[in-house]
Every structure is written in structure tokens, then in C-alpha cells.
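One structure is given below, encoded as C-alpha cells.
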Amino acid sequence: MPAFHRNKSTMMRGATYVLRRLAVLVALGLAVAVPAAAQTDPARLQVTATSDHCAGGLPVVDYTVTNQTSTPVSVQTWWVADASVYGFAATHDLSSTPDGAAGSFSLPFSFYATVTVYATAGWPDGKVTTNASWAIPVADCDAPTSPPTTVVEPPTSTPPTTIDDGGGNGNGHGNGNGHGNRNTTTTIENG
């Protein structure tokens, strides 16, 4: 196949990929364009989320989704980080109010600033609702950790050791006939 046709084919696959990604982003945008409080009156689901720790160098998001109705429901939870990257978190089967479920997930990279957790459910009356935690700050996993605190203790002083060789009585040189100095004192300083 000529190079022109290979490049044209590659360009078409790239364009198709871009269009698919755009379609997904538009769908997500439509799903979250309305504030959670305005989506259902009263809100059928409550979503809360926090991100205050890391695991393996990646931010961890902990969330809770709570059913606010007397109708059991299956809820899909998903997330959007920095309004550009999204992922599926989990599916939770909730009983009637006040049943809730907790979950957590790690973001794929550590550089995100915010994340929003969404809960979407289809109800027996035919309505589909999506409620959200809205953008929460993400744990900073790139921040340097504090170095360990080391306390430097002052050196301990030991009094000098004094050795009095007893006046030297000729003992020494290994034969008992040494020529010792009877007034010798040796001081050794420690440290």
C-alpha cells in the first residue's frame, strides 16, 4: 500500500477516535450540566467525597452514596477529574432510605487538582437521576514529606582516667628487674 494510503487510513482512525472521545465528553457534560439539587426535587441520592490521603503515590478518593427515598435502587458511581478525565468507580445496590454505601478509588495520576464523584440511578418511575459531590480538592501526593526530626544530643563527658603505676618498684620489662620511676602518674583524656 502506498504511503499516502497508509497515512490517510491512520488519519481516519485518529479522527474516529477523537470523535468518539468528543461524544463521550458531550454526554458527560449533558449529564452533569445541571446542579445536583436541580436534577431531582427532592434529591433522590446524596453523594459525599473526600480525598485526603495517598496510596502508592496516587490520590485516593473516599466517597459515600446514600439513598434518600423509600425505593431500593442500583447506583453506578463514577468520577471526573479536572473536568477532563473520567472513570467508573463501582455499582452499589441500595435498600430504601437511609441505606448507603461507601467506596474508594485511586486516581490514575497524581497531578489532578479536583475530582467530582457522581451517582447515577434509574428509578422504577422511569426517571434517571445523577447527583454529585461536586469538585473536591485532591490529596497532594507530590508534596515532599517532612524529613524525620533528629535530636542531636550533646556529647557526654567522662572524667579523665588516672593510672598510678604505684611508684615503680623495679617490676616491668617482664623479668622483675625493671628500672621504674617511683613518681609516675599517667592521665588519659576520654573523648
If every non-hydrogen atom of [X] is compared with every non-hydrogen atom of [Y], which pair is closest and at what distance?
{"X": "L45", "Y": "V73", "value": "CD2-CG1, 4.5 Å"}
{"X": "S74", "Y": "A121", "value": "O-CB, 3.7 Å"}
{"X": "A49", "Y": "V61", "value": "CB-CG1, 4.3 Å"}
{"X": "V75", "Y": "A119", "value": "CG1-CB, 3.6 Å"}
{"X": "N131", "Y": "A43", "value": "ND2-CB, 3.4 Å"}
{"X": "P59", "Y": "S110", "value": "CD-CA, 3.7 Å"}

Taking disulfide bond (SG atoms under 2.5 Å apart) as the cut-off, I'd like each qualifying pair that reaches into [range], sequence neighbours left out, listed once.
{"range": "residues 84-138", "value": "none"}
{"range": "residues 54-143", "value": "C54-C141"}
{"range": "residues 80-113", "value": "none"}

Are any non-hydrogen side-chain atoms of [X] and [Y] less than 4.5 angstrom apart?
{"X": "T120", "Y": "V128", "result": "yes"}
{"X": "F105", "Y": "F88", "result": "no"}
{"X": "L107", "Y": "F109", "result": "no"}
{"X": "T69", "Y": "W123", "result": "yes"}
{"X": "D82", "Y": "T114", "result": "yes"}

Next item on the list: Please check if the distance between the ring centroids of Y118 and W78 is under 6.0 Å.
Entry: yes

Margin query: Between Y86 and W79, is the ring centroid distance below 6.0 Å?
Written below: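 They do not qualify: ring centres at least 6.0 Å apart.
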
Quick one: [atom1] on [X] to [atom2] on [Y], what's the gap to the nearest 0.5 Å?
{"X": "Q68", "Y": "R44", "atom1": "CD", "atom2": "CZ", "value": "12.0 Å"}
{"X": "Y63", "Y": "S104", "atom1": "OH", "atom2": "OG", "value": "7.5 Å"}
{"X": "H53", "Y": "D140", "atom1": "NE2", "atom2": "CG", "value": "14.5 Å"}

Quick one: does [X]'s side chain have a donor or acceptor within less than 3.5 Å of a partner on [Y]'s backbone?
{"X": "D62", "Y": "T50", "answer": "no"}
{"X": "N67", "Y": "D99", "answer": "no"}
{"X": "S96", "Y": "T71", "answer": "no"}

Note to self: I'd like to know whether T64 forms a side-chain contact (heavy atoms from CB on, under 4.5 Å) with V47, so could you lay out the CA-CA distance, the side-chain angles of the two residues, the decisive distance to 0.1 Å, and finally the verdict.
What the structure shows: CA-CA 6 Å; T64 304; V47 185; over 6 Å; no

Next item on the list: Would you please test T77 and H92 for side-chain contact (heavy atoms from CB on, under 4.5 Å) and show each step?
Entry: CA-CA 8 Å; T77 53; H92 304 283; 3.8 Å; yes

Next item on the list: Decide whether V138 and L58 are clustered together by the hydrophobic rule: side chain heavy atoms of Ile, Leu, Val, Met, Phe, Trp, Tyr closer than 4.5 Å, transitively.
Entry: no

Notebook entry, point to check: Would V60 and V85 show up in the same hydrophobic cluster when neighbours are defined by side-chain heavy atoms closer than 4.5 Å?
Noted result: no

